[in-house]
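Basis for what follows: all heavy atoms, side chains included, without hydrogens, waters or symmetry-related copies. Model, not experiment: these values are computed from the prediction.
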Amino acid sequence: MAFIFKNLSLSSSVFFYAIPLLLSYLFMVSHSQYLTNPTPFSSINITTSNVSAGGQWLLLHKSIGVSAMHMQLLKNDKVILFDRTDMGPSNFSFPSGTGCRQYIDTHHRNRTITDCTAHSLLFDVISGNVRPLYVSSDTWCSSGAVDPNGTLIQTGGYGSGIRKIRTFAPCDDRKCEWTELPVNLTDGRWYASTQILPDGRVIVVGGRRAFSYEFYPKTGDVSSKRYYLSFLEETTDPYEENNLYPFLHLLPDGNLFIFANNRSILLDYKQNRVVKELPVIPDGIKRTYPSTGSSVLLPLKMNGSLDGSDKPEAEVLICGGSPPGAFNMSNLNRVFVSASNSCGRIKLTDPDPKWVMEEMPMPRVMSDMLLLPTGDVIILNGASNGTAGWEDAANAVFNPVLYNTYEPDPNLRFVVLNPSSTARMYHSSALLLPDGRILVGGSNPHEVYNFTARPFPTDLSLEAYQPPYLGPIFAALRPSILTIEARDSIVSYGQMFSVTFMLSVYRPDPGISVVLITPSFTTHSFAMNQRMVVLDVARLENLSAFAYKIAAYGPPKTTVAPPGYYMLFLVHAGTPSHAVWVKVQ
């Protein structure tokens, strides 16, 4: 666990700046009704107090031309977004004579379609510009992970893309494009999930009628095989399935947590052996696609053992979903039953892990769950009735919810935040940005783009949610990173490195944390490869009135933090800095 510094000698000038901060804090507390009973967004008069308490929504683009079914943040602060290629034209045309592709429309009498529109975009987080990208095969309901060099490894899809492997290497000269590899996946992977592994490989698990897993890269030996996993077949419900896009989390002991339907296992993928079957999550709710809940591995906090022998606690939180039969009811009968408001939390490092159940303020299906730099979880998007699928849900949920991970009283863990004015239903997505905001886009619960459908037309907008910690009253508490004192910004396993930063007002309790967060691949309410590691801190130095240097140790081993690019945040008094990119190796 990170060390806390409570006896740092500070210049008295700091306290001069603390007085207005204290007054602002007292004002916020006196208006704390916004924390639990937010006013509808349309009627809020945005002021410093209520923006800080409930967050703020910002429209970035009214239309980017493509529905953001899938999202991946890259190491150069660009986000690659894409939907599918077999559903007709998007609203972003390539220049005349370029970017055209032909495909067989299997949904409508096998017609040959010529499509000269983009189905993938590159969004520049800093400038706000978008650039169209050409993708050849169909990426519908696919998966992805970023390799140790920062390249997106993108797997599967539908039809022509069901066994394809694509890569996208980030660049700054506008020349990078999708690359489709000549080698294929062994099994078709439609609705599969991926996880980056300690050795830099990617494991691809499941998919429709794919009761197996396999690895990338394909090396011509055992890595080219597929491995049958009976658990995936056992968790398939007749007609409804309810085991697609399984939740995957790499644990500090090297085993892989796999959750499908309402069951979960620990898999030793090296030996193709199930190490443990965990208890069934109580209450009978189905949690994976199409009864889509969401899942996160809660922050891994180091505890001073640099050799990794004393592993950090590992907890998984799963929220939302739908009851058995919900998909049949919505898909066949157009009856949208209530989703679940329950969450299950399990400490997998306990000798005998058990699910502990909690309740969200409202039922949710198809919601995204993202780790914030503070260690809390934000839950946003989705609906309160129905399931995932084309037009299979009703009653959009507009309010995000904050889950306070470290709050000891379960009754106080959930906080309702300010609502968006945009419904984010099926095929929406969200991810954490380096500045601490949440990028949100997508929502197309229809077979093709449909802008006149009611009540949920196709949405091509892109917006950002600013969590409460970005409120102006916390500006004085926000660290600003100056330099990373590590060669080429490389954080080595178990080795000390330093970060210099500026801070207007230092609060010794709770002090400064140094955290690493992976950029996630988000689709269908699951942020794949999402991971947060709270590093051990060695010392904190006060260099001047507002300048500091903090020394921390890199992660102890690859099972705690697989190699690759991470966002490094400093968190002070619940307020994160803007992240800088580091490479862990």
Side-chain angles (χ1 to χ4, degrees), residues 40-46 51 54-74 77-85 87-95 99 115-135 174 366-368 370 378 380-383 391 393 396-400 417-467 470 522-523:
F41 187 77
S42 59
S43 64
I44 286 182
N45 177 23
I46 296 180
V51 168
Q56 183 179 7
W57 289 88
L58 303 173
L59 180 64
L60 304 179
H61 282 275
K62 185 175 181 180
S63 172
I64 57 172
V66 172
S67 183
M69 185 190 299
H70 314 79
M71 282 189 187
Q72 172 70 62
L73 174 66
L74 303 170
D77 290 340
K78 293 180 174 62
V79 176
I80 189 166
L81 312 96
F82 52 99
D83 58 1
R84 46 185 279 224
T85 63
M87 37 63 72
S90 73
N91 273 30
F92 199 128
S93 296
F94 284 105
D115 183 1
C116 298
T117 62
H119 293 276
S120 178
L121 299 174
L122 196 63
F123 170 68
D124 189 319
V125 174
I126 298 172
S127 70
N129 295 331
V130 294
R131 177 169 72 90
L133 301 171
Y134 177 82
V135 59
R174 298 178 62 86
M366 299 184 295
S367 289
D368 290 281
L370 298 173
I378 189 166
L380 71 172
N381 299 341
E391 299 159 2
V397 181
F398 295 95
N399 291 83
L417 303 172
N418 285 337
S420 170
S421 58
T422 302
R424 299 290 180 184
M425 303 291 281
Y426 187 44
H427 288 159
S428 60
S429 57
L431 52 75
L432 174 70
L433 295 175
D435 59 12
R437 295 180 300 166
I438 307 299
L439 183 68
V440 182
S443 189
N444 181 30
H446 313 291
E447 185 175 357
V448 298
Y449 285 7
N450 187 336
F451 302 105
T452 60
R454 294 292 180 267
F456 306 117
T458 300
D459 193 284
L460 305 183
S461 68
L462 205 59
E463 58 186 336
Y465 174 70
Q466 295 186 172
L470 292 178
T522 303
T523 189

What is the minimum heavy-atom distance between [X] and [Y], and which atoms define it?
X: Gly65; Y: Ser90; result: O-CB, 3.4 Å
X: Val66; Y: Leu460; result: C-CD2, 3.7 Å
X: Pro434; Y: Asp77; result: CG-OD1, 3.2 Å
X: Gly441; Y: Met71; result: N-CE, 3.5 Å
X: Gly382; Y: Met425; result: O-SD, 3.9 Å
X: Asn444; Y: Asn450; result: OD1-N, 4.5 Å

Using the side-chain contact (heavy atoms from CB on, under 4.5 Å) rule, take Arg424 and Ser461 through it: C-alpha gap first, then chi angles, then the decisive distance, then the call. CA-CA 10 Å; Arg424 299 290 180 184; Ser461 68; 2.9 Å; yes
Look up atom [atom1] in [X] and atom [atom2] in [Y], then write down how far apart they are to the nearest 0.5 Å.
X: Lys78; Y: Arg131; atom1: NZ; atom2: CZ; answer: 8.5 Å
X: Ile64; Y: Leu121; atom1: CD1; atom2: CG; answer: 5.5 Å
X: Ile438; Y: Leu431; atom1: CD1; atom2: CG; answer: 8.0 Å
X: Phe451; Y: Ser63; atom1: CZ; atom2: OG; answer: 6.5 Å

For the pair [X] (side chain) and [Y] (backbone), establish whether a donor and an acceptor sit closer than 3.5 Å, ignoring hydrogens and angles.
X: Tyr449; Y: Ser67; answer: yes
X: Ser367; Y: Asn381; answer: yes
X: Ser120; Y: Leu81; answer: yes
X: Asn399; Y: Asn418; answer: no
X: Thr522; Y: Ala430; answer: yes
X: His61; Y: Gly128; answer: yes
X: His70; Y: Thr523; answer: no

Would you please test Leu417 and Ile378 for side-chain contact (heavy atoms from CB on, under 4.5 Å) and show each step? CA-CA 10 Å; Leu417 303 172; Ile378 189 166; 4.2 Å; yes
pair [X]-[Y]: side-chain heavy atoms closer than 4.5 Å:
X: Phe92; Y: Thr117; result: no
X: Arg437; Y: Leu470; result: yes
X: Arg174; Y: Asn129; result: no
X: Leu60; Y: Leu439; result: yes
X: Leu433; Y: Val79; result: yes
X: Ser429; Y: Gln72; result: no
X: Leu58; Y: Gln466; result: yes
X: Phe82; Y: Leu133; result: no

Could you please spell out the steps behind the side-chain contact (heavy atoms from CB on, under 4.5 Å) verdict for Glu391 and His446? CA-CA 6 Å; Glu391 299 159 2; His446 313 291; 2.7 Å; yes
Dump the intermediate steps for side-chain contact (heavy atoms from CB on, under 4.5 Å) on Thr85 and Val135, then the final yes or no. CA-CA 8 Å; Thr85 63; Val135 59; 3.7 Å; yes
